[in-house]
Participant: 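Have a look at this one before I ask anything.
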Protein chains: 2
Amino acid sequence: MSGVSQSTVSRVLSGHPNVSAKTRAAVTEILNQTGFVPNASARAMRTQRSRSIGVVVSTPVNLYGLEVMGQVHEHVARHGLRLSVWLADVDGNAPDALQALRERSVDGLIYTAAVDHMPELEADINAGAPIVLMGRTVRGVATDTVAGANAQGGRRVADYLIQHGRRDIAWVGGRAFSPGREIEQGFRNRLASLGAPIDESRVVYGDLFYASGEAAVEQLWNSKSKPDTIFCANDLVAYGVLDAARKSNIRVPEDLWVIGYNNIPISGWAAYDLTTVYQPIADMARVSVELLLQRIEGKQGPSPQRRRLEGKLIVRGSTAHAPHESS
Amino acid sequence: MSGVSQSTVSRVLSGHPNVSAKTRAAVTEILNQTGFVPNASARAMRTQRSRSIGVVVSTPVNLYGLEVMGQVHEHVARHGLRLSVWLADVDGNAPDALQALRERSVDGLIYTAAVDHMPELEADINAGAPIVLMGRTVRGVATDTVAGANAQGGRRVADYLIQHGRRDIAWVGGRAFSPGREIEQGFRNRLASLGAPIDESRVVYGDLFYASGEAAVEQLWNSKSKPDTIFCANDLVAYGVLDAARKSNIRVPEDLWVIGYNNIPISGWAAYDLTTVYQPIADMARVSVELLLQRIEGKQGPSPQRRRLEGKLIVRGSTAHAPHESS
DNA sequence: CTGAAAGCGCTTACAG
DNA sequence: CTGAAAGCGCTTACAG
């Protein structure tokens with residue numbers, strides 16, 4: 001140390017008030033000259049904080065995961081924290097992420113790939129590990145959860161379709177995917193209460209990738225009861241549906257209406273021009289990061305938070321209706 | 001410590017050979033019972049290694065960045081390392097990533113968003129910081145660089161187009177984007193040497209997002225010399241071109257051929273069915289991680305490596321030609 | 001094969 | 001306002 005003690009340098013570095021202006025200036029000067037940068041591991045060991053949080057995203061076949069990661073990064077960076085990333089396997093597991101949390105490489109985790117029945121994840125959460133679930137719900141797990149208002153989104157689409165006279169409605173979803181299940185429930189219930197319950201022969205379950213949409217069209221068109229509308233649990237599947245329709249010369253929207261869910265940017269491109277439900281990912285990321293930081297500080301409330309953020313129906317060409325009708 | 005010394009536990013944890021079988025078994029037993037997990041910061045401080053590396057990717061508007069991140073994650077995880085992520089700003093800068101490297105939060109960096117003239121990045125590299133450039137080249141920077149064989153890709157496309165009788169060829173590129181510049185150079189040179197130099201009125205520069213493709217079509221169609229082919233520096237721009245053509249009732253491939261670069265998954269979807277040049281991202285990620293780890297170990301050679309990995313032309317419907325002609 | 005001890009580089013009461 | 005000292009939790013020569 002050129003002149004002063006280690007303690008004083010540390011106080012300058014951390015902006016601690018107990019340093020005289022002239023000492024501070026002198027130390028800052030030398031810091032700049034030497035280009036000294038404090039060691040993060042040492043600070044982390046001493047403070048018991050890595051200043052880093054992790055995010056677990058689904059396998060990036062689904063472009064939605066990219067949006068999620070970008071928004072989480074944005075809000076993590078805003079709090080001066082670093083972001084580590086793990087890609088979950090197809091079952092949503094990311095053991096390396098949990099291990100990193102246990103060994104305090106990260107201070108907390110935002111988990112966006114959860115499904116039901118994840119024993120390792122649930123054990124860590126029950127042991128008090130700071131983990132926030134984002135975008136997915138898991139039954140019986142006692143931690144903060146931030147998700148879209150999916151049932152409400154499903155009801156909104158049901159209202160829209162019935163209002164515009166659609167009756168032969170198909171649903172393409174996935175069983176393991178909690179947002180899809182919630183959308184489906186809201187959608188089914190509202191259709192039923194409007195006197196137009198869904199015909200089970202028009203319900204198809206798949207893995208929610210692009211190819212599932214193509215497969216769904218083939219299955220629905222080979223059945224007796226062709227639909228006039230297909231509502232898909234995510235946009236990616238809807239693109240598969242639209243492309244299959246294109247290949248089979250099924251005209252959209254004249255012969256078939258198609259609706260997706262998420263409103264990823266591709267849905268605005270002319271090739272798809274997809275009516276879909278916007279998800280407020282930026283808000284979900286913001287709230288998730290805030291709740292996680294509170295949990296890391298030990299400031300969470302007695303019972304876990306369950307936040308539901310509302311989306312919005314975005315009407316585009318895949319369901320075009322007469323312009324005087326409001327959406 | 002129940003029974004043995006801290007040193008022995010540490011040796012068991014690290015798999016050090018100097019532990020008797022029965023001691024090892026006893027310690028392992030207790031470790032499992034108590035669920036003890038060693039603290040990563042303490043290990044990092046002692047070993048001077050964070051076991052974590054960072055990747056800097058471009059703003060994720062471009063889906064290509066997602067693929068890159070996924071592949072880098074794959075290879076980083078394979079080496080038992082953690083991955084931190086930073087999104088670069090529009091100019092390719094990521095000061096937080098450089099800071100994290102300086103304070104040893106990460107052991108090294110894979111930089112995929114570099115452009116020319118990045119003083120901070122170059123200063124760190126010249127000071128010996130372990131940074132590998134991936135997918136982009138920067139003039140005069142002395143570190144390992146792993147990129148696609150872009151000039152060769154450009155030549156390959158030139159050969160293909162001339163071979164199939166295309167003559168009124170347009171190029172849509174970007175000035176700050178090194179792969180684009182290299183593709184352009186290979187493309188131009190080969191066209192010239194085949195006696196069909198590009199007409200400068202058919203060259204358009206933009207920022208290489210979707211909207212640039214739409215803008216390019218508008219500009220080219222308002223000029224005197226409409227092209228019969230548009231070659232784009234990346235797939236995203238090509239989608240913009242294809243959608244603009246769709247809106248203007250320009251038929252592809254009858255009236256216009258369109259070619260992209262990268263072969264991201266969307267290019268295989270029926271809506272675009274885009275002829276493009278495949279980039280071996282997985283290999284680029286593998287080589288980048290290997291070179292970075294060598295550099296972290298101080299085992300790099302005297303002069304920086306410049307690797308070029310070859311891609312491959314993927315012919316699809318956006319340039320359909322008679323089936324008997326080979327691609 | 002095992003243990004006692006030093007030290008990685010910080011931060012933070014504590015004493016002055 | 002400043003400094004000396006302790007301690008965060010590991011790993012690794014060193015001695016036996």
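Numbered from 1 within each chain, the chains take letters A, B, ... in sequence-line order. Hydrogens, waters and symmetry mates play no part in the numbers below; they use all other heavy atoms, side chains included.
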Participant: Once salt bridge (charged side-chain N to carboxylate O under 4.0 Å, His left out) is applied, what residue pairs with a partner in residues 21-38 of chain A remain, sequence neighbours excluded?
Facilitator: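 Sorted result for residues 21-38 of chain A: empty, none.
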
Participant: Looking at every strand, decide which applies to A:Thr23 at a 4.0 Å heavy-atom threshold: base, sugar-phosphate, or nothing.
Facilitator: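 Sugar-phosphate only.
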
Participant: Nearest-Å distance, CZ (A:Arg24) to C1' (D:dT2)?
Facilitator: 13 Å

Participant: Nearest-nucleotide wise, let me know which of B:Gln48 and B:Val19 is further upstream toward the 5' end of DNA chain C.
Facilitator: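 Between the two, 5'-proximity favours B:Val19.
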
Participant: Determine which pairs satisfy side chain to side chain donor-acceptor pair (under 3.5 Å) with at least one residue from residues 127-138 of chain A, sequence neighbours left out, and list them in order.
Facilitator: A:Ser58-A:Arg136, A:Thr137-A:Glu182

Participant: Produce a footprint string for nucleotides 10-16 of chain D: one letter per nucleotide, 5' end first; B if the base is under 4.0 Å from any protein heavy atom, S if only the sugar-phosphate is, - if neither.
Facilitator: BBBB---

Participant: Below 3.5 Å, can you tabulate the donor-acceptor pairs from side chains in residues 85-94 of chain A to any protein atom, sequence neighbours excluded?
Facilitator:
unit_1: A:Asp89; atom_1: OD1; unit_2: A:Asp91; atom_2: N; d: 2.8
unit_1: A:Asp89; atom_1: OD1; unit_2: A:Gly92; atom_2: N; d: 3.1
unit_1: A:Asp89; atom_1: OD1; unit_2: A:Asn93; atom_2: N; d: 3.0

Participant: With sequence neighbours excluded, what pairs up with A:Arg49 under the side chain to side chain donor-acceptor pair (under 3.5 Å) test?
Facilitator: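 In terms of side chain to side chain donor-acceptor pair (under 3.5 Å), with neighbours along the sequence ignored, A:Arg49 is linked to no residue.
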
Participant: Name all stems that contain residues of DNA chain C, defined as runs of 3 or more consecutive Watson-Crick or G-U wobble pairs, both distances under 3.5 Å.
Facilitator: C:1-3 with D:14-16, C:5-12 with D:5-12, C:14-16 with D:1-3

Participant: Could you work out, with side chain to side chain donor-acceptor pair (under 3.5 Å) as the rule, every residue matching B:Arg307, not counting sequence neighbours?
Facilitator: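 Partners of B:Arg307 under the side chain to side chain donor-acceptor pair (under 3.5 Å) test: B:Gln305.
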
Participant: Please set out all donor-acceptor pairs under 3.5 angstrom arising from side-chain atoms of residues 287-294 of chain B, sequence neighbours excluded.
Facilitator:
unit_1: B:Ser288; atom_1: OG; unit_2: B:Met284; atom_2: O; d: 2.7

Participant: With sequence neighbours excluded, give me every side chain to side chain donor-acceptor pair (under 3.5 Å) pair touching residues 107-135 of chain B.
Facilitator: B:Ser50-B:Asp107, B:Arg102-B:Glu120, B:Arg102-B:Asp124, B:Asp116-B:Arg139, B:Asp116-B:Arg181

Participant: Take B:Ser7 and B:Ser10, measure what side chain to side chain donor-acceptor pair (under 3.5 Å) needs, and give me the verdict at the end.
Facilitator: CA-CA 5 Å; B:Ser7 324; B:Ser10 176; over 6 Å; no

